[in-house]
Amino acid sequence: MASEDWITLRLEDDPRWRRLHNRPFVCRTCGATHEGFFDVFCVRPEQWTGGEEYSPNGSVLTSGHFLSEDFCILDGEHFFVRSVLLIPILGAPDESFGFGVWSTLSKKNFSIYVDAFESGECDGLGPWFGWFSNRLEGYPDTLNLKCQVHPRSGRMRPIIELEPIDHPLVDEQRHGVSFDRLLDIYAAHGHDLRAALVD
Ligand SMILES: [Zn+2]
């Protein structure tokens with residue numbers, strides 16, 4: 001194939017892309033059925049060493065140890081919220097890939113967020129400073145990257161915006177990833193889709 005053909009190749013013309021979107025398929029790594037893009041998520045912050053069973057969000061305290069789907073507290077001193085890091089996909093402006101990840105918040109901002117969470121009214125809140133609180137496979141260490149946490153209304157998880165430093169994850173968030181790179185990311189996180197997409 002001449003190089004010009006690569007330039008004009010549209011993502012929708014990639015048979016793997018079409019296969020991903022056309023109908024469900026069974027993932028050969030995790031065994032689940034996937035269709036289209038799905039988020040990859042971290043169950044807990046890296047710093048959490050307890051069990052992975054979630055308490056209800058509504059029972060959140062501001063002391064002791066606590067883990068729910070959206071909140072985490074360590075020793076009553078360290079406060080974390082579940083957020084989303086969106087990564088654009090090159091050639092697919094209407095879609096993006098999401099990492100479900102955790103970030104710290106100050107105690108004050110954590111309390112504000114918890115209070116707003118139930119109502120889903122987050123207009124005018126944030127962005128708030130946080131430390132990225134997961135190690136993502138396939139990258140140089142991502143723990144404690146600086147970020148901004150943008151709360152969203154409507155009970156949607158906050159968006160993480162990494163501060164601009166020289167790091168591949170920062171670069172991918174700002175500039176996007178190719179479809180091939182995205183398949184590598186899925187594979188590194190327990191979903192090797194590549195074989196299933198060429199059936
Ligand atoms: Zn899978």
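Worth knowing before you read on, the calculation uses all heavy atoms, side chains too, and leaves out hydrogens, waters and symmetry mates. Whatever order the structure lists ligands and atoms in, that order sets their numbers, starting from 1. For reference, positions follow the sequence shown, starting with 1. The model shown is predicted, which means the values in this text are computed figures rather than measured ones.
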>> Working to the nearest 0.5 angstrom, can you tell me the gap between R82 CZ and Y54 OH?
In response: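 The distance works out to 5.5 Å.
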> Looking at CD1 of I185 and CG of L136, how far apart are the two atoms once the value is rounded to the nearest 0.5 Å?
Replying inline: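 CG of L136 is found 9.0 Å from CD1 of I185.
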>> Tell me the angle that SG of C27 and SG of C30 form around the Zn ion (ligand 1), rounded to 10°.
In response: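 Centred on the Zn ion (ligand 1), the SG/SG angle is 110° (to 10°).
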> With under 30° as parallel and over 60° as perpendicular, where do the rings of F110 and F79 fit, or are they tilted in between?
Replying inline: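 Aromatic pair F110/F79 classed tilted.
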> Can you name the N/O/S atom of H34 that is nearest the Zn ion (ligand 1)?
Replying inline: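 Minimum-distance N/O/S atom of H34 relative to the Zn ion (ligand 1) is NE2.
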>> Nearest N/O/S atom of H191 with respect to the Zn ion (ligand 1), by atom name, please.
In response: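 Within H191, restricted to N, O or S, the Zn ion (ligand 1) is closest to atom ND1.
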>> Using a 6.0 Å distance limit plus a 45 degree cone around the ring axis, check whether R155 lies over the aromatic ring of F117.
In response: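 R155 over F117 ring: yes.
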